[in-house]
Each structure stands twice: as C-alpha cells, then as structure tokens.
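Quick note: residue numbers are just sequence positions, from 1. Remember, it's a predicted structure, so these values are computed and weren't measured experimentally.
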Amino acid sequence: MEINGQTNVTSQLFGRGTSNELAASLGNFVVTTMPVPWQFVQERIGGTPLAVEMVDSMEISIVEEAIDRLPDCDTVLAVGGGRAIDFGKYMSWKRGCRLVSMPTVLSVDAFVTPKAGLRVDHRVEYLGESSPDPLVIDYDLLRLAPNELNIAGAGDLLSIHTATLDWELAEASGRSEYPFSGDDVSKARQILAQVDKEADEIRTCTDRGLQAIVDGYMQVNTICLPADHYRVEEGSEHFLFYELEERLQRPFIHGQIVALGIYVMSRLQENRHGEVVALMDRLGLDYRPASLEIERDQLEASLLALAGYVRQSGFWHSVIDERSIEPVWITKLCDDLYGDSRQV
Ligand SMILES: [Zn+2]
C-alpha cells in the first residue's frame, strides 16, 4: 500500500539484513533493549555502544533516573518490543538526540508512534515526541521472533473493524467526542481490506506479510496523527482489554487481547462478526481467552462490569453504551469461545 501524507517515520530502512553492520552509521550510540533481543542484535550490528540499558521498569522516576545516568551520545538505538522502544523514544526526546528504532517483533506499534508510554502513578501516560531516523525493519531479524507474536501485530489493525463502527454509533447518537470524518473511516477500512488481502502472507510471516503490518501501522498514523486522536483504531475492543488488565493485574500480548475484544464487540455490534472471526482464523491470530489464560468466570465478570467501568473511566462512546450486555448473552458467547478452545 502506498503511504501518503503525514506519518511518523523520518526515514526507513526496510529489507532483509538491514540491521547488519548498522553501528557504523550511528556515531556514538547508546542502546536501549532487553536481554533476548539484544542477544540477537548485538553481533549483527557490529560496533561497540557507549552503554547498553536493559529496560526493566517504565515507571517514570526510574526511567528519568536511568536517562540522567547514561552517557552523552549522538544516537539512541532502541532494540526490542514495546518497552525498550518506548524507553529509547523517551530518551531521544529528552536528550534531543537522534533515534534509530529497530523492532525485533511486530506485536505492538510503539516503533511508529511519536509518544512513549510511561507509567505515572501506575497509569500509562503517553509522553514526548520522537520520530525514528531511520526505522529499521529487518525481515530476517523479525523472523527470529515466534510467528504468533508478529501475527499479533495485525490485532491493532483489525481493531479498525470494531472501532470505526463505534465511532459511527457515537456520531449517530450525537455523542462523538471529535468531529466525525467519514473520509478517515473509509481510509481506515482500506487498511483492513489490505490486511485481508495479505492474510496468507501475514500468517506465514513472509517479507511481504511483515511489511504489510508495518505499512498498516504507518497508514494508521497518516489518519490519526493529523486528527490527533486514535478513534478509528481504538474503541470498545480496547475498553474490554483495559477492564481485564485492571481486573487481572498482569500483562497480555497486546494484539491477542485486542483480538478477543474484536471477537466480543463485533458480536455485540452485530457487525459482520463471522467475517472478522474468519479473517482472524486465516491470519492465525489467537483470540481465544483460554490461550490468554483468562478463566471463564473472569471473562464473565469482566463483561458484566464493563458498562459501569467504561462510564466511570470516561471512555469514548461505543456500543458498550448503547447495548446492554446481558448474562444470557454472555453465557452463549462464553460457550462459543471456550467451547472452541476445547475442540482444538
Ligand atoms: Zn492497541
């Protein structure tokens, strides 16, 4: 897909082996990473960093303290998944130095978004403003990650299916928080169509499939950055995830828990549920709560509490505000969700 308009990537280095010997182009550099990705990357890039920061906590006080301690450098090289990339983004913004982002897995879109997610008093806040120069996408490197984690990246693109309908519902009831744009909705749905078209490539993590996920993320930015909100990509499917995260107090693979939200909310919306579930199956995107280690009674309790939680949190207007989630509906839903996982 062609990337038109504003996106948040200053330059890009996409291909096989693009991380090889990269250090030569970085000047003095500091690496922000985690042990597993660094082990894969260290040899490939060559050179010797001034320091390697193993990112553990994203609590703002700990991050700030680490940044104060790290040496002066020309470049921050952020290597890994969400947290290591967010740390690098935040550091490059604080220091005003160059950022090079090198995701080692596509499960979250942190590597193309300008703000870094940090914990402030145990809540996530999005801070700073950064742009990778370049964004390094090395297909060989990405394929070292388990396929299902790269495929999970498609979850944050498929959320367009439910999120755009939520936005339409909000607009129809006069409760949209932002000026509604039918043009943005149709552009976002083109991204969905592209994921559908490339589903087989994504499932097998070919060069083309991995690139389709990256392009999808960048395309979302061309819609969301000018609008200054992520309404086309975030709706009721994310709200269920937030409730579950608060209830269960543990991390999830983002794209998979969002996929569970897409399953549930497309059904509540009566929004081509069978079609989107079939697409998730074709992608090999796992949405089953049993794989996410969510017990049936936990999911049931979450769904019962969801409308109240969403109202209390002041989340955007969505199908959750429009249709009540009845116990009998939840039972049928869970029969299907947990029944499916027993058959597999
Ligand atoms: Zn998301």
Side-chain angles (χ1 to χ4, degrees), residues 1-9 106-115 126 151-173 175-199 201-202 209-242 254-255 257-273 275-280 282-283 285 287 315-320 322:
M1 186 189 298
E2 243 184 82
I3 312 293
N4 295 309
Q6 182 187 349
T7 188
N8 183 53
V9 175
L106 298 181
S107 58
V108 278
D109 65 354
F111 59 88
V112 293
T113 58
K115 294 180 179 179
Y126 292 91
I151 294 167
D156 250 350
L157 299 172
L158 291 191
S159 59
I160 291 167
H161 180 83
T162 38
T164 50
L165 196 101
D166 281 331
W167 197 14
E168 287 175 333
L169 289 175
E171 172 65 6
S173 61
R175 299 176 72 178
S176 176
E177 302 76 5
Y178 304 101
F180 181 79
S181 165
D183 192 40
D184 284 355
V185 166
S186 69
K187 277 195 238 156
R189 286 177 178 158
Q190 284 170 29
I191 301 171
L192 271 184
Q194 197 63 20
V195 171
D196 185 272
K197 195 173 142 219
E198 301 293 352
E201 304 280 341
I202 293 172
L210 295 169
Q211 191 59 51
I213 295 174
V214 174
D215 286 348
Y217 284 161
M218 289 170 64
Q219 195 76 20
V220 166
N221 271 351
T222 67
I223 301 168
C224 294
L225 294 178
D228 204 24
H229 64 79
Y230 279 77
R231 199 50 159 114
V232 294
E233 187 260 343
E234 179 165 337
S236 53
E237 74 297 318
H238 274 76
F239 305 159
L240 175 62
F241 152 51
Y242 301 143
H254 184 76
I257 188 90
V258 167
L260 171 63
I262 296 165
Y263 182 101
V264 173
M265 294 305 160
S266 63
R267 188 148 149 168
L268 190 65
Q269 292 172 334
E270 297 179 52
N271 173 18
R272 296 184 290 125
H273 170 73
E275 223 174 286
V276 75
V277 171
L279 175 54
M280 294 198 285
R282 265 170 59 218
L283 287 162
L285 175 59
Y287 51 82
F315 291 157
W316 297 329
H317 189 85
S318 76
V319 67
I320 298 165
E322 300 219 342

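The pair D166-R231 fails the salt-bridge criterion, with no side-chain N (NZ, NE, NH1 or NH2) lying under 4.0 Å from an Asp/Glu carboxylate O.
In this structure, T164 OG1 and Q269 CD are separated by 8.0 Å, a value rounded to the nearest 0.5 Å. In this structure, CG in L260 is found 9.0 Å from CE in M265, a value given to the nearest 0.5 Å. The CD1 atom of I213 sits 5.5 Å away from the CG atom of L106 when rounded to the nearest 0.5 Å. Here E270 contributes atom CD and L165 contributes atom CG; the two are 10.5 Å apart, rounded to the nearest 0.5 Å. Residue I262 holds its CD1 atom at 11.0 Å from CD1 of I257, rounded to the nearest 0.5 Å. N221 CG to D109 CG: the interatomic distance, rounded to the nearest 0.5 Å, is 7.5 Å.
For the pair T222 and M218, the minimum side-chain heavy-atom distance is 4.5 Å or more. Contact check for H161 versus R272: side-chain heavy atoms found under the 4.5 Å cut-off. Taking the side chain as every heavy atom from C-beta outward, V195 and I160 never approach each other to under 4.5 Å.
Relative ring orientation between F239 and F315 is described as parallel, the plane-to-plane angle staying below 30° on a 0-90° scale split at 30° and 60°.
Of all the heavy atoms in F180 and G182, the pair that sits closest is CE2-N, 3.6 Å. In this structure, A152 and L285 approach most closely via the heavy-atom pair CA-CD1, 3.6 Å. For the residue pair L157 and G216, the shortest heavy atom distance occurs at CD2-C, 3.5 Å. Of all non-hydrogen atoms in L240 and G261, the two that sit nearest each other are CD2-CA, 4.0 Å. Heavy-atom minimum distance, A199 versus L283: CA-CD2, 3.7 Å. When all heavy atoms of Y230 and P114 are compared, the closest pair comes out as OH-CD, 4.4 Å.
Although no hydrogens or angles enter the test, the distance criterion places a donor-acceptor pair under 3.5 Å between the side chain of S159 and the main chain of E233. Within the 3.5 Å criterion, the main-chain N or O of L279 finds no donor-acceptor partner in the side chain of D196.
Considering only residues two or more places apart in sequence or on other chains, D228 meets the salt bridge (Lys or Arg N to Asp or Glu O under 4.0 Å) condition with none of them.
For the salt bridge (charged side-chain N to carboxylate O under 4.0 Å, His left out) condition, the pairs that include at least one residue of residues 257-268, sequence neighbours left out, are R267-D336.
Residue Y178 places its OH atom among more than 12 non-hydrogen atoms of other residues, nucleotides or ligands, all under 6.0 Å distant.
With W167 as the fixed residue, the side chain to side chain donor-acceptor pair (under 3.5 Å) test singles out one of S181, S318, S176: S176. None of H273, H238, E237 except one satisfies the side chain to side chain donor-acceptor pair (under 3.5 Å) rule with T162; the exception is E237.
Looking only at atom types and distance, the side chain of E322 has a donor-acceptor partner in the side chain of H317 under 3.5 Å away.
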